[in-house]
Chemist: 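I'd like to ask some things about the structure below.
Heavy atoms only: backbone and side chains are in, while hydrogens, waters and symmetry mates are out.
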Amino acid sequence: MLRNKDIKKIQELEADFAPVRVSAEDIFSRFKALKLSEGLSEFKWFKTRGYDFKMVLAMLVSMVVSPDKTVNSYLNSPTGEGSSMGKDVFYRLKNSSSICWRMLMWYFVHRFLKVTSQDRDVDDTSSRYLIFDDTILPKTGKRMEKIGKVWDHVNNRYVLGFKMLVMMYWDGKSSIPLDFSLHNEKGRKPERPFGMSKKEIRKQYKRRRIKDSCTANREEELGAGKIQMVLRMFFSAIYRNLRVDYVLVDSWFTCDALIQAVRSVKNKTVHLIGMYKIAKTKFEYQGKSLTHAQINNMLGKPKRCRSLGYQYKQAKVMYKDVEICLFFSRGGNKDKWKVILTTDTKLTFKKALEHYQVRWVVEVFNRESKQLLNLGGCQSSNFDAQIAETTISMVAYLLLTLRFRYDNYESKGALYRSMNADVLRETLDRRLWGLFIELVCSICEVLELDPQDLFEKILADSKAEAVIMTLCRSAMARDD
């Protein structure tokens, strides 16, 4: 059994998070380190109102990492009392329909990747991943613009709020938010669209926007399908020449459209790895058109991966002229078979699972951003402000990731390079891999639990951390 002593907590920024270290001045210094002046020059119009765009943005970013998450609470706090800016300065920026927050986010990402790529410790051989996932952003006010009830598949109930689809990038050391879209769900009841009465919808805040403005386009995305947005985001990342080796998704997003999109990339250098559960899909196997369940029945006795404690089977199939490898796996004889689909037919079962577990970094991002950076905490009635606040939380995550990376992962010069190699933290994906193995081997066989369901419950419930801590202490004690 593999051991990993750096898996005490499933977290990244939280271990090093201290609001005192992320003041407006500190955030502004990060702006300078990324050399953002040129890219933000198009916002000079904002300065005609009296304040520099970068400084106002730095203040908004510092708010989400401070104990005072809102503009009012921040300005009334000891930290904000000395500010010469009134609340209207911040609201004017957040409520603007003319700011393209998506392009702003991409510019931050571009600068982040350019700065980190210059470090001599960068490993060009490690894989790069695009990860897609959705999460609930719960709200409390029914009069918010475009608000409605959405289905929470984790807790199996309807929640007032938005669904956020996020695209993350893993470059081998850091999880980087790239883009997002907000969605609502109209539902099947005409008398209660979006889970609301018609009277509640009439009372919602409404704002007219110029056609084809930035926020008008975001409004259209609310009703768009999430698969459609996944494809749009994926091609935008490819268009920007982002190096991608694997696209990682769960069973909600693994579909024919995504398979075809991934394999359509020039030179076919990008592969898909995802869970699969569509029962009626037919694959070509040994000259027959079969479902994955029928293929599983034909494979006979499973092999066993001793290091993971898994039974597995493997089949190479064809699907619409695309060669695909299906891995069937389960923890024990009483477990149900899970299917992992990949377009990289050269992967072994263990390597495919090792790649796929990187997907959990997006779950860590969702949890930490909600707990630490006020993701989803905006209660403004204006939809423009919802887009702005979500982007600001992602910018804050990106800046904190930059600092955390050089504090914990990157060595700082040739003189200390060999010394730091022993004391730098293992990256989040390796810690997750070690924790994954510990959980599979220590819990699943004893309690007959499904590993993926177990991880979802762990990352959704902070109380589960105590259980993990106990297991890790036990594992480390055995090693000692």
Side-chain angles (χ1 to χ4, degrees), residues 102-103 105-106 109-110 113 124-134 165-172 175-181 183 217 220-221 223-285 289-292 295 314-327 339-348 351-359 361-362:
R102 174 168 281 140
M103 292 302 298
M105 188 68 213
W106 271 110
V109 170
H110 170 74
L113 294 175
D124 289 332
T125 63
S126 62
S127 298
R128 306 295 197 267
Y129 305 87
L130 272 185
I131 310 164
F132 294 93
D133 193 32
D134 61 347
L165 173 66
V166 62
M167 176 171 66
M168 299 287 294
Y169 184 64
W170 180 258
D171 68 348
S175 50
I176 307 163
L178 301 181
D179 198 0
F180 74 93
S181 60
H183 298 264
N217 293 331
E220 294 179 1
E221 293 175 2
K226 283 182 284 187
I227 296 296
Q228 177 185 346
M229 289 307 302
V230 166
L231 298 178
R232 189 180 301 178
M233 291 181 188
F234 169 72
F235 284 118
S236 71
I238 298 300
Y239 174 77
R240 288 176 169 83
N241 293 321
L242 206 64
R243 175 189 158 186
V244 180
D245 298 307
Y246 293 97
V247 176
L248 307 178
V249 293
D250 62 13
S251 57
W252 298 98
F253 299 102
T254 307
C255 62
D256 171 53
L258 187 55
I259 293 172
Q260 299 299 330
V262 167
R263 299 309 291 155
S264 68
V265 176
K266 186 178 180 181
N267 298 327
K268 299 186 181 297
T269 56
V270 184
H271 290 284
L272 173 69
I273 303 178
M275 298 295 292
Y276 197 75
K277 66 176 183 179
I278 302 177
K280 296 182 180 180
T281 303
K282 296 291 185 72
F283 301 92
E284 294 296 325
Y285 180 67
S289 181
L290 305 170
T291 65
H292 64 73
I295 295 172
Q314 178 179 353
K316 291 184 180 180
V317 301
M318 294 296 295
Y319 178 69
K320 295 185 178 180
D321 298 325
V322 178
E323 189 175 17
I324 288 173
C325 188
L326 299 178
F327 290 105
V339 183
I340 295 180
L341 178 153
T342 177
T343 58
D344 189 352
T345 57
K346 296 180 181 179
L347 291 179
T348 63
K351 196 64 179 179
L353 207 58
E354 187 173 351
H355 283 307
Y356 183 72
Q357 59 82 31
V358 177
R359 194 190 74 81
V361 302
V362 72

Chemist: To the nearest 0.5 Å, what is the distance between OG1 on Thr342 and OH on Tyr276?
Modeler: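 So the OG1 of Thr342 and the OH of Tyr276 are separated by 14.0 Å.
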Chemist: May I ask you to check whether Asp344 and Tyr246 show a side-chain donor-acceptor distance below 3.5 Å?
Modeler: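 A pair is found: one side chain offers a donor N or O, the other an acceptor, under 3.5 Å apart.
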Chemist: Would the distance check show the side chain of His271 and the main-chain N or O of Val247 forming a donor-acceptor pair, the cut-off being under 3.5 Å?
Modeler: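 Looks like no, no N/O pair under 3.5 Å.
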Chemist: Kindly compute the distance separating CE (Met103) from NE2 (His110), expressed to the nearest 0.5 Å.
Modeler: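 Reported to 0.5 Å precision, the distance equals 11.0 Å.
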Chemist: Which atom names give the shortest non-hydrogen contact between Ser127 and His355, and what distance separates them?
Modeler: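 Heavy atoms of Ser127 and His355 come nearest at OG-CE1, 3.6 Å.
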Chemist: Closest heavy-atom contact between Ile131 and Val358?
Modeler: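 That closest heavy-atom pairing would be CD1-O, 3.7 Å.
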Chemist: Could you check if a side-chain atom of Ile295 sits within less than 4.5 angstrom of a side-chain atom of Leu326, using non-hydrogen atoms only?
Modeler: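 Sidechains of Leu326 and Ile295: in contact.
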Chemist: Check whether any side-chain N or O of Thr291 sits under 3.5 Å from a backbone N or O of Lys282 as a donor-acceptor pair, and report yes or no.
Modeler: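 Absent.
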Chemist: For the side chain of Lys277 and the backbone of Ser251, is there at least one donor-acceptor N/O pair under 3.5 Å apart?
Modeler: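 The answer is no, because no donor-acceptor pair under 3.5 Å joins these two groups.
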Chemist: First locate atom CZ of Arg232, then atom CG of Asp179, and finally report the distance between them rounded to the nearest 0.5 Å.
Modeler: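 Answer for the CZ-CG pair, Arg232 versus Asp179, is 10.0 Å.
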Chemist: Ile273 vs Leu341, test: side chain to side chain contact (heavy atoms under 4.5 Å, CB included). Steps then yes/no.
Modeler: CA-CA 6 Å; Ile273 303 178; Leu341 178 153; over 6 Å; no
Chemist: Would you call Glu221 and Arg102 a salt bridge, using N to O less than 4.0 angstrom?
Modeler: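 Counted as a salt bridge, because a side-chain N and a carboxylate O are separated by less than 4.0 Å.
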Chemist: Using side-chain heavy atoms (C-beta onward) and a distance below 4.5 Å, is Met275 in contact with Val339?
Modeler: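 Side chain of Met275 against side chain of Val339, heavy atoms only: no contact under 4.5 Å found.
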Chemist: Taking the side chain as every heavy atom from C-beta outward, state whether Cys325 and Leu347 have any atom pair closer than 4.5 Å.
Modeler: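 Side-chain contact under 4.5 Å: no.
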Chemist: Between His292 and Thr281, does a side chain to side chain contact (heavy atoms under 4.5 Å, CB included) hold up when you go through it step by step?
Modeler: CA-CA 8 Å; His292 64 73; Thr281 303; over 6 Å; no
Chemist: Compare all side-chain heavy atoms of Thr345 with those of Glu323 and state whether any distance is below 4.5 angstrom.
Modeler: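 Side-chain contact under 4.5 Å: yes.
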Chemist: As an exercise, state the distance from CG of Leu113 to CG of Asn241, rounded to the nearest 0.5 Å.
Modeler: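 Nearest 0.5 Å value for the CG-CG distance: 12.0 Å.
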Chemist: Looking only at heavy atoms, what is the nearest atom pair of Gly172 and Ser126, with distance?
Modeler: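 Where Gly172 meets Ser126 most closely, the heavy atoms are CA-OG, 4.2 Å.
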Chemist: Quick one: closest heavy-atom pair of Met168 and Pro177, and the distance?
Modeler: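 In this case the closest contact between Met168 and Pro177 is SD-CA, 3.5 Å.
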Chemist: Passes side chain to side chain contact (heavy atoms under 4.5 Å, CB included), Phe253 versus Leu165? Steps please.
Modeler: CA-CA 11 Å; Phe253 299 102; Leu165 173 66; 3.8 Å; yes
Chemist: Would Arg128 and Trp170 count as a cation-pi pair here, with the cationic atom under 6.0 angstrom from the ring centre and within 45° of the axis?
Modeler: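 Here Arg128 fails the 6.0 Å and 45° test against Trp170.
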Chemist: Do the side chains of Met167 and Ser181 get nearer than 4.5 Å, heavy atoms only?
Modeler: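 In short, these two side chains do not touch, never coming nearer than 4.5 Å.
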Chemist: With heavy-atom distances below 4.5 Å as the criterion, would you say the side chains of Leu258 and Leu231 are in contact?
Modeler: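 When only atoms from C-beta onward are counted, Leu231 and Leu258 do touch, with a gap below 4.5 Å.
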Chemist: Any donor and acceptor pair, going by atom type alone, linking the side chain of Thr254 with main-chain N or O of Asp250 inside 3.5 Å?
Modeler: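 Yes; judged by distance alone, with no hydrogens or angles, the pair exists.
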Chemist: Donor-acceptor pair, distance only, cut-off 3.5 Å: does the side chain of Glu220 make one with the backbone of Asn217?
Modeler: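 Side chain of Glu220 to backbone of Asn217: no pair is present.
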Chemist: By salt bridge (Lys or Arg N to Asp or Glu O under 4.0 Å), which residues pair with Lys226, not counting sequence neighbours?
Modeler: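 Lys226 satisfies salt bridge (Lys or Arg N to Asp or Glu O under 4.0 Å) with Asp134 only.
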Chemist: Give the minimum heavy-atom separation between Phe180 and Met233, together with the two atoms involved.
Modeler: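 In terms of heavy atoms, the two residues are closest at C-CE, 3.4 Å.
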Chemist: In this structure, is the centre-to-centre distance between the rings of Tyr319 and Phe283 below 6.0 Å?
Modeler: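 Aromatic pair counts; centres sit under 6.0 Å.
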Chemist: Rounded at 0.5 Å granularity, tell me how far OH in Tyr129 sits from CD1 in Ile176.
Modeler: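 With rounding to 0.5 Å, OH (Tyr129) is 14.0 Å from CD1 (Ile176).
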Chemist: Just so I know, are the side chains of Leu242 and Leu178 near enough to count as touching, which here means a heavy-atom distance under 4.5 Å?
Modeler: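 Counting from C-beta outward, Leu242 and Leu178 do come under 4.5 Å.
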Chemist: Determine, step by step, whether Val270 and Asp245 satisfy the side chain to side chain contact (heavy atoms under 4.5 Å, CB included) criterion, reporting the C-alpha distance in whole Å, the side-chain angles of both residues, the deciding distance to 0.1 Å, and the verdict.
Modeler: CA-CA 5 Å; Val270 184; Asp245 298 307; over 6 Å; no
Chemist: Could you give the distance from OG1 (Thr348) to CD (Gln314), rounded to the nearest 0.5 Å?
Modeler: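 Thr348 atom OG1 to Gln314 atom CD measures 8.0 Å (nearest 0.5 Å).
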Chemist: Could you report the tightest heavy-atom contact between Phe327 and Ala352, atom names first, then the distance?
Modeler: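 Heavy atoms of Phe327 and Ala352 come nearest at CE1-CB, 3.9 Å.
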